[in-house]
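Quick note: numbers below take in every heavy atom, side chains included, and nothing from hydrogens, waters or symmetry partners.
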Amino acid sequence: MLRAEDLVSSIRARLERFEPKVLEANVGVVQQVGDGIAYATGLAGVMASELVQFQDGTMGIALSLERDRVGIIILGEYAGIEEGDEVRATGRIASVPVGEGLLGRVVNALGEPVDGKGPIEAATYYPVERIAPGVVRRANVDTPVQTGIKVIDAIIPIGRGQRELIIGDRQTGKTTIAVDTILNQVGKDLYCIYVAIGQKQSTVAQVVATLERYGALAHTIVVVASAADPVALQYLAPYSGCAMGEYFMDNGKDALIVYDDLLKHAWAYRQLSLLLRRPPGREAYPGDIFYLHSRLLERAARMAPEYGGGSLTALPIVETQEGDISAYIPTNIISITDGQLYLEADLFYAGIRPAVNVGLSVSRVGGAAQRPIMRQVAGRLRLELAQYRELAIFTQFGAELDAATRAQLERGRRLTELLKQPQHETFSLEDEVISLYAGISGFLDDLPVERIRSFEAGLLRYVHAQYPGLCEVLARGERMSAETERALRAAIQEFKSSGAF
């Protein structure tokens, strides 16, 4: 029988052995909430960009650290958050899941799946904000990103680790160029991330469907912060996508990231900044609007071999209004990037697609990012088109032309026709070389302009069928020997003589 004395002594012994655990938490109180922004007091030890959790489980990011309160952007619905609610600091900087488990998935700016395919197996987590690699850790950009688009690969080449801006008015083919570049990586060693910022959900669904139809979704991560999502997620999305790309770069692999588009990203940040009562500057943008994009785009790099040798290539997209590339945000981003592809509305409506204005477009890496065989062929193409542009302007005044000038104009028209390319039809390196070599070597000069495209299609089929060995040599990308060039000329001449086009 249990005696009262024994029970009391047992309880006393347990009480003496008890050691209370001190639970330390950084807890604050919501002072004000509205429009996706909350102000809280009491979060004395909170860090910049630290994740905080509200009483109803909603997450937020501490973005504005003031003397006596903290400005928090709310990552989700804020209707359930009220004044006086508790808010806790988590001690974690905003981070997203990264790894190959995200390939083929559509996720939001927090890395959470939105495609209904179940949970994601992440290799690890990366903070969304990271310091860009220093100069010492970088290597020269010397390996091409084959876009499969003739005019880009030949005249405005993009290298792995480069930042090439795609700029132009709405509906001029900016997203198409980025998507086609992703499609051209099927079966290759370049991982892709497509970040949709402020786009309509129907537009994003079309992009995902296109990637899936052409088999490109398997090597692509799609990060979506649509126009229907909170502005905080639109602000966060490009940094989250960049962190996912950095995982591949850090592991010695090559990745490509598309930001579509950074003008809407700037709008989202302006909205957040005005709600946080930060002083507005030019066009109501905050003073750190340049840093918003520079700290993002500088994270694209090609790493030196001793630091893994991986790369992250960035293709930011910016929409212009009425072709004004001298506006505030476009000029900021042009000054950060290593070149730009300028898409002109007039060219687009004239049927020249992709509508790349080769006069205003530039790649500051240049031929260093081209394969030797493309450099050999494209050098003459750039010169031919430059001369054609000058002559075309001159002839607008109705001047009489000599035979040599007329011949240059006619070749320029045929080369322009040759550089046209249907949507989602990319070219392999050997096909680009065959096509461009036929143009610059004069094989098209006596053909009617309207037959150029059918001649090109027939020529590529003929060379692949009759000279597979030649195609293999051209696909290596090495500079053409005199023997290879003779064989290529003979193959083109044979096809042309056959008249089968």
Side-chain angles (χ1 to χ4, degrees), residues 144 146-157 352 354 356 358 366-367 370-392 401-421 425-501:
Q146 286 294 134
T147 66
I149 302 170
K150 290 174 287 186
V151 66
I152 297 175
D153 290 340
I155 302 175
I156 315 114
I352 299 173
V356 178
V358 293
Q370 282 178 313
R371 305 296 291 272
I373 191 169
M374 184 58 80
R375 206 156 50 233
Q376 183 183 4
V377 172
R380 292 164 59 189
L381 176 67
R382 191 191 305 267
L383 183 62
E384 296 268 10
L385 286 174
Q387 291 173 338
Y388 168 64
R389 285 197 309 271
E390 290 183 10
L391 290 173
L401 306 175
D402 57 34
T405 304
R406 276 198 303 274
Q408 274 192 329
L409 278 170
E410 290 301 320
R411 176 171 291 188
R413 289 193 186 100
R414 282 155 179 77
L415 289 176
T416 301
E417 183 69 23
L418 188 67
L419 291 174
K420 292 180 182 178
Q421 201 164 325
E425 288 188 21
T426 56
F427 280 61
S428 62
L429 175 62
E430 61 270 26
D431 286 355
E432 288 180 337
V433 169
I434 294 166
S435 175
L436 296 174
Y437 187 84
I440 62 167
S441 300
F443 288 103
L444 311 180
D445 290 356
D446 55 349
L447 293 178
V449 174
E450 59 272 12
R451 296 185 67 188
I452 298 294
R453 305 283 290 283
S454 61
F455 175 87
E456 178 190 42
L459 173 64
L460 296 177
R461 285 195 300 269
Y462 178 82
V463 176
H464 275 280
Q466 302 297 324
Y467 297 94
L470 175 61
C471 292
E472 289 177 13
V473 173
L474 298 177
R476 293 179 199 145
E478 297 166 0
R479 187 176 176 83
M480 274 193 293
S481 64
E483 182 183 350
T484 303
E485 189 169 356
R486 278 196 301 272
L488 180 56
R489 290 184 71 91
I492 298 171
Q493 189 61 57
E494 278 178 28
F495 174 74
K496 189 176 180 182
S497 301
S498 71
F501 53 90

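Residues satisfying the side chain to side chain donor-acceptor pair (under 3.5 Å) criterion with Ser441, sequence neighbours excluded, are absent altogether.
Separation of atoms CG (Leu459) and CG (Asp431) is listed at 9.0 Å; rounding is to 0.5 Å. Note: Gln376 CD to Arg371 CZ = 13.5 Å, rounded to the nearest 0.5 Å. Ile352 contributes atom CD1, which lies 9.5 Å from atom CG of Leu419 (distance to the nearest 0.5 angstrom). Atoms OG1 and CD, on Thr405 and Glu410 in that order, are 12.0 Å from each other to the nearest 0.5 Å. For the atom pair CE (Met374) and CD (Glu432), the distance works out to 4.0 Å, reported to the nearest 0.5 Å. For the atom pair Leu470 CG and His464 NE2, the distance stands at 9.5 Å (nearest 0.5 Å).
When all heavy atoms of Ala475 and Glu430 are compared, the closest pair comes out as CB-OE1, 3.4 Å. Closest approach of Val463 to Ala491, counting heavy atoms only: CG2-CB, 4.3 Å. Closest heavy-atom contact between Pro157 and Gly366: CG-O, 3.2 Å. Residues Ile155 and Gln370 share a closest heavy-atom pair of N-NE2, 4.5 Å. Here the closest non-hydrogen pair linking Ala154 and Ala378 is O-CB, 3.0 Å. What you find for Val358 and Arg389 is that their closest heavy atoms are CG2-NH1, 2.9 Å.
In this structure the side chain of Glu478 never reaches within 4.5 angstrom of the side chain of Thr484, judged on heavy atoms. Between Met480 and Val377 there is a side-chain heavy-atom pair separated by less than 4.5 Å. Between Leu474 and Leu429 there is no side-chain heavy-atom pair separated by less than 4.5 Å. Inter-residue side-chain proximity for Tyr388 and Gln408 is flagged as unmet; no heavy-atom pair is nearer than 4.5 Å. Looking at Pro144 and Asp153, their side chains never come closer than 4.5 Å, going by heavy atoms from C-beta outward. Side-chain contact check for Leu385 versus Arg382: every heavy-atom pair is 4.5 Å or farther apart.
Using a cutoff of 4.0 Å between basic side-chain nitrogens and carboxylate oxygens, Glu494 and Arg489 are not scored as salt-bridged.
A ring pair (Phe, Tyr, Trp, His ring centres under 6.0 Å) with Phe495 is found for one member of Tyr462, Phe443, Tyr467 and no other, namely Tyr462.
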Task: Criterion side-chain contact (heavy atoms from CB on, under 4.5 Å) on Thr426 and Thr147, from CA distance to verdict - done: CA-CA 8 Å; Thr426 56; Thr147 66; over 6 Å; no
Open item on the list: Working note: Asp445 + Arg413, criterion salt bridge (Lys or Arg N to Asp or Glu O under 4.0 Å); need CA distance, chi angles, decisive distance, verdict.
Closed with: CA-CA 10 Å; Asp445 290 356; Arg413 289 193 186 100; over 6 Å; no
- [ ] Could you please spell out the steps behind the salt bridge (Lys or Arg N to Asp or Glu O under 4.0 Å) verdict for Glu417 and Lys420?
- [x] CA-CA 5 Å; Glu417 183 69 23; Lys420 292 180 182 178; 2.9 Å; yes
TODO: Might you work through the side-chain contact (heavy atoms from CB on, under 4.5 Å) test for Lys496 and Asp446, ending with a clear yes or no?
DONE: CA-CA 11 Å; Lys496 189 176 180 182; Asp446 55 349; 2.6 Å; yes
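Within 6.0 Å of CD in Glu483 there are 12 or fewer heavy atoms belonging to other residues, nucleotides or ligands.
Judged purely by atom type and a 3.5 angstrom limit, Arg479 has no side-chain atom pairing as donor or acceptor with the backbone of Pro372. Counting only distance, with no hydrogens or angles, the side chain of Lys150 and the backbone of Leu418 share a donor-acceptor pair below 3.5 Å.
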